[in-house]
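First the structure, in the form of structure tokens, and then the observations on it.
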Protein chains: 2
Amino acid sequence: MGRYRVGLETRERILSATRRLLAEVGIEGVTLKAITANARVGAGSFYNLFASKDDAVFEVVREAIEAVDPDPAGAGTDSLEDLVDAFVAFMTGSSPIARIYLQLAGRGLTDPVIAARVLRSHRRRVERFADAWQREVPELEPAEAAARAEVMLGALTGLGMTALMDPGFDMRRHALALLPDAARLRATG
Amino acid sequence: MGRYRVGLETRERILSATRRLLAEVGIEGVTLKAITANARVGAGSFYNLFASKDDAVFEVVREAIEAVDPDPAGAGTDSLEDLVDAFVAFMTGSSPIARIYLQLAGRGLTDPVIAARVLRSHRRRVERFADAWQREVPELEPAEAAARAEVMLGALTGLGMTALMDPGFDMRRHALALLPDAARLRATG
DNA sequence: TACATATTGGAGCGAGCGCTCAAGTTCTGC
DNA sequence: GCAGAACTTGAGCGCTCGCTCCAATATGTA
């Protein structure tokens with residue numbers, strides 16, 4: 001499976017086509033026919049290199065998440081409004097990863113394996129937000145900071161869904177309302 | 001569509017079969033064949049009563065949501081905490097339809113037809129929440145009440161997703177944090 | 001060069017999908 | 001009890017799906 005030069009190149013073309021299609025039509029819209037047509041490859045070539053369609057899809061999603069994940073060093077210097085802005089940009093920006101992420105989360109509602117993966121990345125993000133809350137409002141109990149982070153992320157996720165369905169939706173405006181007064185003033189100032 | 005007694009009964013049998021199947025096998029598992037076999041009805045009868053398969057699915061979801069409505073008549077008597085409690089009950093209660101609702105919303109991220117339907121019901125709900133905000137805090141500008149309703153519903157949706165993936169998640173606790181102080185005190189007694 | 005192995009395209013398989021349609025049956029109001 | 005609307009059936013249409021198969025060809029190795 002991909003031992004000769006041409007084979008590896010074909011593999012890359014297939015992954016690239018899958019990536020492009022995931023971005024354009026989402027997880028359910030990705031068909032084998034679309035992938036092979038887009039990669040200009042026969043179905044036989046595809047199955048010479050991948051065990052199944054899902055095999056290719058998971059590989060692309062894995063790579064995409066990895067590319068976005070980094071948490072650069074986790075230095076802990078990001079403010080609450082930084083995090084909110086980053087999340088809004090993630091949802092409303094040009095990158096299609098957000099849509100895929102939410103569709104994956106939707107699958108997680110019935111697929112325990114996917115649910116575990118989604119929850120893990122969710123928890124990591126809640127921690128980041130909780131830390132930022134603590135820095136913003138130092139007198140907060142840690143549990144209270146965590147609770148506020150949870151609510152904030154929930155709201156951002158929900159607002160993101162609306163934003164992705166309704167292009168006219170001003171996600172940033174609503175998202176900023178989630179900030180404590182001081183941070184909101186800084187952000188809108 | 002469903003004007004004679006038998007027709008209405010058939011309609012109920014179909015909805016009941018759809019409800020049962022949605023609960024048992026999830027949204028992907030519900031096929032027309034399964035519905036009609038389960039309801040002991042020909043495909044033609046189905047299409048005499050429903051415009052499409054999705055039509056029946058939406059109806060089931062709509063009814064499930066309505067079932068937890070604290071003010072089905074729209075009398076304008078529901079408080080903010082009533083609405084939040086109803087949403088939490090819908091998400092965390094015994095009915096498996098909440099899962100279906102969120103999966104439908106997920107499909108709306110790439111399917112414009114579904115997106116339109118989801119957004120329509122979303123807007124209706126935002127209005128209900130906005131009215132309740134207005135009643136709770138009369139000095140609020142209408143636009144501000146609408147904005148708070150939007151954020152609140154976004155948060156409830158996002159928290160619902162977490163709750164459905166993580167059985168240990170205390171959705172109600174986090175949801176109540178979204179209420180204004182007076183209402184929160186009333187709700188937590 | 002000779003040969004094994006990897007890679008290729010694409011016709012086509014079998015299954016399953018949502019949905020249509022023509023024909024016959026049942027119900028209701030008058 | 002009759003007209004006509006509402007209801008019913010289920011074979012089957014047209015389509016798409018993931019995937020298989022295999023002869024032809026390209027590639028790397030000795």
Side-chain angles (χ1 to χ4, degrees), chain A residues 1-22 24-61 103-104 107 110-111 114, chain B residues 1-22 24-61 100 103-104 106-108 110-117:
Chain A
M1 302 201 175
R3 304 234 285 266
Y4 286 177
R5 207 197 70 249
V6 283
L8 293 173
E9 283 172 4
T10 302
R11 193 185 142 86
E12 275 317 304
R13 275 222 311 291
I14 289 172
L15 285 176
S16 165
T18 307
R19 199 177 301 119
R20 194 160 50 243
L21 284 166
L22 277 176
E24 281 167 14
V25 294
I27 284 179
E28 297 119 19
V30 174
T31 66
L32 193 79
K33 218 162 208 159
I35 292 174
T36 53
N38 225 277
R40 265 172 308 220
V41 146
S45 302
F46 181 95
Y47 283 94
N48 181 44
L49 295 162
F50 296 91
S52 69
K53 189 196 73 164
D54 277 345
D55 198 39
V57 170
F58 279 125
E59 174 65 13
V60 163
V61 171
Q103 288 180 327
L104 256 187
R107 262 204 201 177
T110 42
D111 184 334
I114 293 182
Chain B
M1 302 203 173
R3 303 236 284 266
Y4 286 179
R5 208 197 69 249
V6 284
L8 293 174
E9 281 172 6
T10 302
R11 194 184 143 85
E12 276 316 305
R13 276 223 310 291
I14 289 172
L15 286 176
S16 163
T18 307
R19 199 178 301 120
R20 193 162 50 243
L21 285 166
L22 279 175
E24 279 168 12
V25 294
I27 202 165
E28 308 106 11
V30 173
T31 65
L32 195 78
K33 220 163 205 156
I35 292 174
T36 54
N38 225 276
R40 263 171 306 221
V41 145
S45 299
F46 181 95
Y47 283 94
N48 181 46
L49 296 162
F50 296 91
S52 67
K53 189 194 74 165
D54 278 345
D55 200 40
V57 171
F58 273 109
E59 176 65 14
V60 164
V61 173
I100 305 297
Q103 287 179 327
L104 267 184
R107 267 170 58 182
T110 43
D111 183 334
V113 178
I114 293 183
R117 277 183 117 139

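Reminder, nothing fancy here: chain letters follow the sequence lines and each chain counts from 1. A quick note: this is a predicted structure, and the numbers were derived from the prediction, not measured.
- One distance of note links OG of B/Ser16 with CG of B/Leu21; it measures 9.0 Å at 0.5 Å rounding.
- A/Arg13 places its CZ atom 13 Å from the P atom of C/dT7, with the value rounded to the nearest Å.
- For the pair A/Lys53 and A/Thr36, the minimum side-chain heavy-atom distance is 4.5 Å or more.
- Residues B/Leu15 and B/Arg19 are in side-chain contact: their nearest non-hydrogen atoms beyond the backbone lie under 4.5 Å apart.
- Between C/dT7, D/dA11, D/dA5, one nucleotide has an atom nearer to the side chain of A/Asn48 than all others, and that is C/dT7.
- The CZ-P distance, from B/Phe50 to C/dG18, rounds to 15 Å in whole Å.
- Position along DNA chain C of the nearest nucleotide to B/Arg5 versus B/Asp54 favours B/Asp54 as the more 5'-ward residue.
- As a whole-Å value, the separation of B/Glu9 CD from D/dA6 C1' is 14 Å.
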Inset, instruction - Decide yes or no on side chain to side chain contact (heavy atoms under 4.5 Å, CB included) for B/Leu32 and B/Tyr47, but give the supporting numbers first. - result: CA-CA 10 Å; B/Leu32 195 78; B/Tyr47 283 94; 3.4 Å; yes
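- For A/Ser45 and C/dT7, the shortest distance from a side-chain N or O to OP1 or OP2 is not below 4.0 Å.
- Contact check, A/Thr10 against C/dT8: a side-chain N or O comes under 4.0 Å of OP1 or OP2.
- The separation between B/Tyr4 atom OH and D/dA6 atom P is 6 Å, rounded to whole Å.
- Between the CD1 atom of A/Ile35 and the P atom of D/dC17 there is a distance of 11 Å, rounded to whole Å.
- For the pair A/Leu32 CG and C/dA11 C1', the interatomic distance rounds to 14 Å; values are reported in whole Å.
- Nucleic acid contact class of B/Thr31 (heavy atoms, under 4.0 Å, all strands): sugar-phosphate only.
- The pair A/Glu9-A/Arg5 counts as a salt bridge, with a side-chain nitrogen and a carboxylate oxygen less than 4.0 angstrom apart.
- When the nearest nucleotides of DNA chain D are assigned to B/Val41 and A/Lys33 by heavy-atom distance, the more 5′-ward of the two goes with B/Val41.
- Side-chain N/O atoms of B/Tyr47 include none lying less than 4.0 angstrom from OP1 or OP2 on C/dT20.
- A residue-by-residue look at B/Val6 and B/Lys53 shows that B/Lys53 has its nearest nucleotide of DNA chain C further toward the 5' end.
- Rounded to an integer number of Å, the gap from B/Arg40 CZ to D/dG10 P is 13 Å.
- Here C/dG18 presents its P atom at 14 Å from CD1 of B/Ile14, a figure rounded to the nearest Å.
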